[in-house]
Amino acid sequence: MPVNLTPNAIEMINGGDVNLKPLVQVLDIKQMGSAQERFRLLVSDSVLTQHAMLGTQLNDRVKTGLVKKGSVIQLIDYICSQVQNRKIIVVLNLETIIPDCEIIGNPKMVSDAPAQKALPHTNSMQSSTVGYNNPSSQSHGSNMHSIRPALSSQNHGGNMQSFRPTSSTQNQGSKMRSFQPALGAQNYGNDVQSFRPTVQPPYQPPPSYRNHGAVMKNEAPARIIAINALNPYQGRWAIKARITAKGDLRRYNNARGDGKVFSFDLLDSDGGEIRVTCFNAVVDRFYDVVEVGKVYLISKGSLKPAQKNFNHLKNDWEIFLEATSTVDLCPEEDGSIPQQQFSFKPISEIEIAENNSIFDVIGVVISVNPSVPILRKNGMETQRRILNLKDGSGWTVELTLWGDFCNKEGQKLQEMVDSGFFPILAVKAGKVSDFNGKSLGTISSTQLFINPDIPEAHAAKDWFDRGGRDVASMSISKDIAQGGPKNEVRKTVSQVKLEGLGRSDKPDWATVRASVSFIKTDTFCYTACPLMIGDRQCNKKVTRSGNSRWQCDRCNQEFDDCDYRYLLQVQIQDHTGLIWATAFQESGEEILGYPAKELYLLKYESNDDTRFADIIRSRLFYQYLFKLKIKEEMYGDERRVKITIFKADEVSYSSESRYMLDLISKVRTY
């Protein structure tokens, strides 16, 4: 079947025509890069060929065979960009007209084509170019030929000779003689002679070309394109999108100095998402400008590969705003852009998900634990709150809230559950953890939506009210206590001893519901150094110096007052046995209910042994949920298993009842 490609399509595209929608043929396809899959095409209009980059959103056209060598395609949406001093066509949208066709014409690369075409001529006139400083040459008349000289001569009239070294040559009339300097004598017609002059013309240097700046600046607004069509080969672009998430302002320090950074996520009407990042001075321009939920027009940013370790969005690129970037608020609300976009998966799929993967889930909150302080590895304290989600897949999952999530959404959820109301919670961008079973946790880009007005939330609510509340469910967190702290495997005291916990390279963690049966009081606390080392307190043991001041051997300093920190040796027991464990400052206060300094002064300064003994006895045989760290350590030449009480929570009977009911449902299932 004969096919007519669009004539001069390559030249017109290179000239800036983006509305042509030409028919071209694919001569070659090459996959570029390994980290990110892209395809480069060689397209032809039957005369010229040009390289083109295919937008990543069109990769499936190549993989499915819709676009291959020989295919005739129509370029629907495209731009021509300058990349490394050569032009390349970036194809954003196309249609396949003929999937397979023979090569049409004998096309050549656009760089191999002649630089310019011959000038038009009349009456058998010919023109050619000689030298490098060649102004125009014209000949008028019949049977005459003109060669463009480096200098010029003019002849008017008949049988006349003249020589004038100017910059143009004109011959009018017949039987004229033209002198052409710096060229050999050539005869191109009857009675026309050409002589080499005997006098050399004066030297004229070649013209000097100077850059006087752009003649005209393109002030036309950038064309709005879809987020999924963005790629680094585009010169001018703009996107219209809604901000769905905004990160906190973070400060950093590296080899190049101090800095600050924040980022926000965008969503457009086509469902495309992308992250935008700002650094330093750009942060000052835009941090207070952008608001979650508003629609903005953004342009003049640079695209770089997305860092998938920190960016969960389904986009290979990330926008970095610069000094010339613009972020303009759209005054009118755009209903075509959704407020948020979810990709919900059932809780049961978390069990087979990879560690650190990102999930969107929705379910009913069936239990919420109180918020507790946690000391991070860097010495900074943060908050943690645990809750459990249940959905129609028949599974429950533990969700750990960190930081501000504990006091905002977490506190609201706890008040609702304590009042007997079970809310629906949608989690966007929760991070999967596989330590001792699968669970979810919040990260900086996580968003929580309580009772959202979306179809999935209404469906979950209807399922729970119609009997889902009483449906027995399995926890993908395995033996983790329902409603209990994260990654705490339930054990009895006898299991801790008989299963050989703590004898591996890493410590084992277990949660034991037990009572305190005995507390050693002879060395229940110690005097500690109050000085700060960086962002952490020293806490090393201090002693009295000769002048009655406290001295720290580690800090090599003296001071008037010291701190008092717990170092409790306690015996805990349940119905299966008893073990000894050590409780330090935080867990010691949770067990005794008093600061270490107050009991120290009561015992050693006031010498009120009766009051001290009453306080100790009042704390015996109270039930706690102990989080234990179990690790084998060397004591001299002997290896011993050391058990440390990391956390001591008073038993919540409602949460414990739900846990026991869950155990009963598991027994029935098996």
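Bear in mind that the values here come from a model prediction, so they are computed numbers and not experimental data.
Between F344 and F342, the two ring planes are parallel [angle under 30°; tilted spans 30° to 60°]. Between Y566 and F524, the ring planes lie tilted relative to each other; the angle falls in the 30° to 60° range.
Using a 3.5 Å distance cut-off with no hydrogens or angles, the side chains of D563 and Q537 do pair a donor with an acceptor.
A salt bridge links R242 to E333: at least one charged side-chain nitrogen sits closer than 4.0 Å to a carboxylate oxygen. Taking the charged nitrogens against the carboxylate oxygens, D614 and R611 have no contact shorter than 4.0 Å, which rules out a salt bridge.
Residues S515 and Y622 fail the side-chain proximity criterion, which asks for heavy atoms closer than 4.5 Å. Between I243 and Y296 the shortest side-chain heavy-atom distance falls below 4.5 Å. Between V292 and T244 the shortest side-chain heavy-atom distance does not fall below 4.5 Å. In this structure, L501 and I643 have side chains that are not in contact, with every pair of non-hydrogen atoms separated by 4.5 Å or more. Side-chain contact between L602 and I615 is present, with at least one heavy-atom pair separated by less than 4.5 Å. Between I227 and D270 there is no side-chain heavy-atom pair separated by less than 4.5 Å. Counting only heavy atoms from C-beta outward, the side chains of P305 and W317 approach each other to under 4.5 Å.
A donor-acceptor pair is defined here as one N or O able to donate and one able to accept, closer than 3.5 Å; no such pair exists between the side chain of S433 and the backbone of S439. Using a distance-only test at 3.5 Å, with no hydrogens or angles considered, no donor-acceptor pair links the side chain of N388 to the main chain of I366. The backbone N or O of I645 lies less than 3.5 Å from no partner atom in the side chain of K629, so there is not a single donor-acceptor pair. At least one donor-acceptor pair closer than 3.5 Å links the side chain of D360 to the backbone N or O of S343.
With sequence neighbours left out, the side chain to side chain donor-acceptor pair (under 3.5 Å) criterion links S654 to S652. Scored by the side-chain contact (heavy atoms from CB on, under 4.5 Å) test, D465 finds K461, R469 as partners (sequence neighbours excluded). By the side chain to side chain donor-acceptor pair (under 3.5 Å) test, R639 pairs with E632, sequence neighbours left out. Applying the side chain to side chain donor-acceptor pair (under 3.5 Å) rule to E409 yields no partners; only residues at least two apart in sequence or on another chain are considered. Taking E590 as the reference, K647 meet the salt bridge (charged side-chain N to carboxylate O under 4.0 Å, His left out) condition, with sequence neighbours excluded. Residues that satisfy the side-chain contact (heavy atoms from CB on, under 4.5 Å) test with K304, not counting sequence neighbours, are S302, F320. Residues forming a side-chain contact (heavy atoms from CB on, under 4.5 Å) with K541 (at least two apart in sequence, or on another chain): Y526, T527. Listed by chain and residue number, Q383, R385, C406, N407 satisfy the side-chain contact (heavy atoms from CB on, under 4.5 Å) test with S371 (two or more places apart in sequence, or in another chain). Taking the side chain to side chain donor-acceptor pair (under 3.5 Å) definition, one finds that E598 meets it with nothing, sequence neighbours left out. The salt bridge (charged side-chain N to carboxylate O under 4.0 Å, His left out) search around E499 returns K491, not counting sequence neighbours.
With K240 as the partner, the salt bridge (Lys or Arg N to Asp or Glu O under 4.0 Å) test is satisfied by one option alone out of D334, D268, D328: D334. For the side-chain hydrogen bond (donor to acceptor under 3.5 Å, both in side chains) with D265, the qualifying choice from K246, R275, K428 is R275, the only one to do so.
Applying the side-chain hydrogen bond (donor to acceptor under 3.5 Å, both in side chains) rule to pairs touching residues 284-295 yields K260-D284, E291-K294, sequence neighbours excluded. Contacts classified as salt bridge (Lys or Arg N to Asp or Glu O under 4.0 Å) and involving residues 507-517 (residues at least two apart or in different chains) are given here: R513-E656.
In this structure, R466 forms no cation-pi arrangement with F464, as its terminal cationic atom is not both closer than 6.0 Å to the ring centre and no more than 45° off the ring axis. The side-chain tip of K631 does not point at the ring of W509 from less than 6.0 angstrom away and within 45° of straight on.
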